[in-house]
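Structure first, then comments.
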Amino acid sequence: MTVRTRIAPSPTGEPHVGTAYIALFNQCFAKAHGGEFILRIEDTDQTRSTPESEKAILDSLKWLGLDWAEGPDCGGDKGPYRQSERKGIYGQYAEQLVEKGHAFHCFCSAERLDELRTKQAEDKKQIGYDGHCKQLSQAEVASKIAAGESNVVRMDIPREGICEVEDMLRGKIEIEWAQVDMQILLKADGMPTYHLANVVDDHLMEITHVIRGEEWINSAPKHLLLYKYFGWQAPVLCHLPLLRNTDKSKLSKRKNPTGILYYKEMGYLPEALLNYLGRMGWSMPDEREQFTLAEMQAAFDITRVSLGGPIFDTEKLNWLNGQWIRDLDDEALAEKLVEWAFNREKLLQFLPFAKPRMETFSDLAPLGSYLLSGMLPLKSADFEANKLALEAQMEVLQFALWRLEALRSWDRDNIFSTLKSLSEQMDVKLKDFLAPLFVAVAGTTESISVMDSMVLLGPDVSRARLRHAINDTLGGFGKKKLKKLDKAYVQLG
């Protein structure tokens with residue numbers, strides 16, 4: 001048997017360090033066993049998936065030095081490797097389950113399902129589907145389908161007993177079937193949900209080991225039951241511990257930058273970041289902290305993974321990155337610096353904004369220093385010259401951050417129209433609205449247009465600077481205040 005592992009990211013946002021962490025361990029496991037590591041794009045969520053996000057995922061994983069034998073960019077004999085291109089495959093498997101009595105057509109409206117969840121919550125019962133449409137006769141189902149009634153396909157789940165999940169790291173895990181919902185497998189538009197597509201694709205692509213984050217443990221019973229329903233051999237399961245902030249909470253962008261491209265733009269070496277991710281819950285046999293990808297693959301033993309939540313500590317990452325920098329000779333370091341910041345492409349992007357403000361070449365560095373900096377050394381006093389009160393500026397920054405986090409296309413026109421629309425909704429003059437963004441992003445209101453600055457910095461660094469200004473410079477919001485702001489934000493529409 002050839003060991004085959006996979007990473008299956010969803011292209012719905014910026015590539016996450018957690019994706020790289022899982023990809024790294026999948027690649028190392030496969031290579032350590034003489035196997036193959038593949039990449040599949042799980043774009044079943046067609047409303048949020050974008051080609052730009054897919055490209056960013058592939059580019060960032062390649063930048064780190066990861067490599068896959070099969071994928072949407074390099075092909076393979078078990079493709080296609082985008083689920084949206086495999087849509088015709090899933091319907092037949094869903095119907096197989098219906099025919100065998102392992103799944104059923106559900107015609108429940110969104111209103112009925114909302115009422116059901118509300119009632120279950122009021123009665124303090126397990127939230128989940130109640131099997132209403134499972135009781136329909138074949139004739140009733142056929143009649144509804146013939147009438148064109150919208151429906152989904154749900155899997156049948158036992159209501160009693162316990163599912164035993166064997167995990168490579170955790171041993172036997174027991175989960176009560178009563179805690180498992182009757183999952184939708186096929187949506188009304190014919191697209192599969194993650195759970196059906198995941199199982200079908202892993203089987204057809206001959207995946208032998210599924211190594212994923214521990215947040216998927218509760219989904220394991222559904223997946224194992226689907227394998228049983230289909231009569232297929234299930235892959236070996238392994239659930240890695242989640243990356244965590246220094247306070248042991250789940251790694252989040254509010255407390256730590258989580259985008260791979262953020263670390264690229266901030267000037268981290270890919271070898272150092274990959275090295276650091278390799279230390280997340282795992283260690284080399286000789287316990288050394290600095291090692292290459294090749295060295296990790298050669299020594300990899302997944303049983304050395306510790307289940308204690310690995311802490312993603314940027315101070316430790318900075319130290320390790322410094323070790324990698326000091327290991328470079330001057331020639332190599334010069335090349336890395338030119339490649340990172342002083343390359344022709346970046347210079348040509350900035351010069352149209354800098355040239356009108358320059359009288360000597362030496363004017364360039366002060367004008368563009370904020371573009372080559374990390375988090376800016378801001379103080380609350382930097383915001384005091386702006387017209388709005390500090391608390392109002394914090395609200396502007398928070399609302400702008402939320403709106404920009406949802407922005408799918410990062411270009412000047414989109415950023416401007418998004419911020420202008422938000423200023424109108426908040427009834428704040430655009431000039432006053434943009435002032436705190438200027439300070440947060442560039443350190444001053446005297447820089448080039450804040451929209452142009454954000455384009456040059458990119459989405460990851462721009463959003464990180466807004467978070468830094470809100471939480472670190474201006475003190476952030478308490479839980480109650482943030483909840484109140486969230487409600488007000490939603491009401492804006």
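Throughout, residue positions are numbered sequentially from 1 according to the sequence presented. Excluded from the calculations below are hydrogen atoms, water molecules and symmetry mates; all remaining heavy atoms, backbone and side chain alike, are included.
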State whether the number of non-hydrogen atoms from other residues, nucleotides or ligands found under 6.0 Å of Asp330 atom CG is greater than 12.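 No.
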
Please check if the number of heavy atoms outside Lys483 that lie under 6.0 Å from its NZ is greater than 12.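 No - once you tally the heavy atoms of other residues, nucleotides and ligands closer than 6.0 Å, there are 12 at most.
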
Sub-6.0 Å ring centroid separation between Tyr268 and Tyr262: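 No.
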
In chain order, what residues pass the ring pair (Phe, Tyr, Trp, His ring centres under 6.0 Å) check against His209, with sequence neighbours excluded?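 Here the qualifying residues are Phe29.
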
Quick one: list whatever passes ring pair (Phe, Tyr, Trp, His ring centres under 6.0 Å) with Phe300, sequence neighbours left out.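 With sequence neighbours excluded, Phe300 shows a ring pair (Phe, Tyr, Trp, His ring centres under 6.0 Å) to Phe25, Trp282, given in chain and number order.
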
Cationic N near anionic O, under 4.0 Å, [X] to [Y]:
| X | Y | answer |
| --- | --- | --- |
| Glu215 | Lys250 | no |
| Asp59 | Lys62 | no |
| Glu384 | Lys379 | no |

Only counting residues at least two apart or in another chain, list the ones meeting side chain to side chain contact (heavy atoms under 4.5 Å, CB included) with Ser362.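 Counting only residues at least two positions away or on another chain, Ser362 forms a side chain to side chain contact (heavy atoms under 4.5 Å, CB included) with Thr360.
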
Determine whether [X] and [Y] make a side-chain contact, defined as any pair of heavy atoms from C-beta on separated by less than 4.5 Å.
| X | Y | result |
| --- | --- | --- |
| Arg4 | Lys78 | yes |
| Leu243 | Pro310 | yes |
| Asn245 | Ser252 | yes |

Could you walk me through whether Glu85 and Lys87 satisfy the salt bridge (charged side-chain N to carboxylate O under 4.0 Å, His left out) test, starting with their C-alpha distance in whole Å, then the side-chain angles of each, then the deciding distance to 0.1 Å, before giving a yes or no? CA-CA 6 Å; Glu85 297 173 4; Lys87 180 178 178 180; over 6 Å; no

So, applying side chain to side chain donor-acceptor pair (under 3.5 Å) with Tyr489, which one of Lys484, Gln398, Arg403 is it?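 Result: among Lys484, Gln398, Arg403, Arg403 is the only option passing the side chain to side chain donor-acceptor pair (under 3.5 Å) with Tyr489.
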
